[in-house]
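Predicted, not measured: the structure shown is a model, and the values here were computed from it.
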Amino acid sequence: MATPQRDELPVAGLTTGQLARLLGVSPTTLRSWDRRYGFGPASRADGRHRRWSPDDVAMALEMCRLTASGTPPAEAARTARLRARGSAGPDGPDEWPPVPSDRAEGTAPRAGSGLPLGRVRSECRGLARAAVRLDAEEVRELLRRAVAHHGPAVAWEEVMSPALQAVGRKWQSSGERGEQGEQYVEVEHLLSWHISAALRHYYLDAARPRRAATGAPVLLSCLPGEQHTLPLDVLTAVLGDEGLAVLMLGGSVPADALITAVRRVASLAVVLWAQTGDTADLALARRVAGARWGVRGARTQTPVLLCGPGWHQVTDAAEPPGLTYVTSLHDAVRTLTGLRRERTSR
């Protein structure tokens, strides 16, 4: 959401409806802030209609920024008023008041976003608020800070994934109640796209320069018809932190192209993602595990990791040779780092 400059705002002020559209919140939210925290315009036009002055608008914008970062509304309102009056925060004139941690403030079941989040980190609540407002700039910044501060694994498990799951639950429950569940589809798409972008950016511009990846790469691929690449983006970022090189093929890779890539690349392992049973092709996975690479007379095979809930829907009496079922992100990382240790110790 682009923040307007003070001199770009009408001198006469904005109505509550105009300010609500500017901020991406509902007029009811603004009236609630006024009623609960005394956070409203002081002037009236013609003695009747309340108008938000440029100072009022700046204060409301700061309120949105703080609540999006996870600050409780009451604390955000107090801080926004102090900043509007030019008062210094508790950390000095050049510091923002710190956002309370989950341990200090507790974890609330409501996010102020209408999403059923449960007990989550404050960053997750802020991310949910920004996503529901379709505030792409705030979503991007919150994700960047979460990954930089917590690392990709914790950021995914405790900030990103809970927000995505809450959007999915809201979408589903809205449809079941006959409401317009479609209004949360765009929220899910916005959030998914920015999460993927944040994780890829972390791998390309942060993890790799900090800790150079060496050795054989891990080849990541979705099976034919499978478009859910986000879990592989998560794994890519985490493996980058572990110093493993990654070769990402992306979504819906044709079977022949996948086999060709396995034969061309002396990879440490191949990770195959399947979100549903429809894309969990066990026969293709066996072909990948049987593909050999290397010079004639010394060809070898690559271990294959089967990741994703789709594989659980494929019934098989025993784990086929060369295939390893992986149940979680940590399981995948532990298996892959173990394979690297085995290879380097030979």
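For the side-chain contact (heavy atoms from CB on, under 4.5 Å) test, residues two or more places apart in sequence or in another chain that qualify with Ala198 are Leu143. For Gln227, there are no side chain to side chain donor-acceptor pair (under 3.5 Å) partners two or more places apart in sequence or in a different chain. Considering only residues two or more places apart in sequence or on other chains, Asp331 meets the side-chain contact (heavy atoms from CB on, under 4.5 Å) condition with Val326, Thr327, Ser328, Arg334, Thr335. Partners of Ala257 by side-chain contact (heavy atoms from CB on, under 4.5 Å), not counting sequence neighbours, listed by chain and number: Val253, Pro254. Not counting sequence neighbours, the partners of Arg144 by the side chain to side chain donor-acceptor pair (under 3.5 Å) test are Glu141. In this view, Ser161 and Gln165 satisfy the side chain to side chain donor-acceptor pair (under 3.5 Å) rule, not counting sequence neighbours. Judged as a side-chain contact (heavy atoms from CB on, under 4.5 Å), and not counting sequence neighbours, the contacts of His228 are Glu226, Trp273, Gln275. In this view, Arg287 satisfies the side chain to side chain donor-acceptor pair (under 3.5 Å) rule with no residue, not counting sequence neighbours. With sequence neighbours excluded, the residues satisfying salt bridge (Lys or Arg N to Asp or Glu O under 4.0 Å) with Glu158 are Arg121.
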Test side-chain hydrogen bond (donor to acceptor under 3.5 Å, both in side chains) applied to Arg200 and Ser196, step by step: CA-CA 6 Å; Arg200 294 182 187 190; Ser196 177; 3.2 Å; yes
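Side-chain contact check for Leu219 versus Leu258: some heavy-atom pair is nearer than 4.5 Å. Taking the side chain as every heavy atom from C-beta outward, Arg341 and Thr337 approach each other to under 4.5 Å. Contact annotation: the side chain of Leu272 never approaches that of Leu284 to less than 4.5 Å [non-hydrogen atoms, C-beta and beyond]. Using a 4.5 Å cut-off on side-chain heavy atoms (C-beta onward), Ile259 and Val288 make contact. Considering only heavy atoms from C-beta on, Leu244 stays 4.5 Å or farther from Val333 through its side chain.
Interatomic distance, Leu204 CG to Leu199 CG, rounded to the nearest 0.5 Å: 11.0 Å. Distance NE2/His330 to CD/Glu157: 3.5 Å, rounded to 0.5 Å. We find the CG-CG distance between Leu247 and Leu220 to be 8.0 Å, quoted to the nearest 0.5 Å. Taken to the nearest 0.5 Å, the CG atom of Leu282 stands 6.5 Å off from the CG atom of Leu323. Atoms CH2 and OG1, from Trp311 and Thr279 in turn, are 7.5 Å apart once rounded to the nearest 0.5 Å. One distance of note links CE of Met248 with CG of Leu232; it measures 4.5 Å at 0.5 Å rounding.
The minimum heavy-atom distance linking Ala216 with Ala266 is given by the pair CB-O, 3.2 Å. Among all heavy-atom pairs drawn from Ala332 and Leu305, the shortest one is O-CD2, 4.3 Å. In plain terms, the two heavy atoms of Gly250 and Thr229 that are nearest each other are C-CG2, 3.9 Å. When all heavy atoms of Leu164 and Leu230 are compared, the pair lying nearest together is CD1-CD2, 3.7 Å. A pairwise comparison of heavy atoms in Ser252 and Cys222 identifies N-CB, 3.6 Å as the closest pair. Minimum heavy-atom separation, Ala255 to Pro224: N-CG, 3.8 Å.
Under 3.5 Å, the side chains of His149 and Glu123 contain no donor-acceptor pair of N or O atoms. In this model, a donor atom of one side chain and an acceptor atom of the other lie less than 3.5 Å apart for Asp56 and Ser53.
Under the 4.5 Å side-chain contact rule for hydrophobic residues, Leu223 and Tyr325 share a cluster. A chain of hydrophobic side-chain contacts below 4.5 Å, direct or via other Ile, Leu, Val, Met, Phe, Trp or Tyr residues, connects Val139 to Leu134. Two different hydrophobic clusters hold Val154 and Trp156 under the rule that ILVMFWY side chains link at heavy-atom gaps under 4.5 Å.
For residues 268-285, there are no salt bridge (Lys or Arg N to Asp or Glu O under 4.0 Å) pairs, not counting sequence neighbours.
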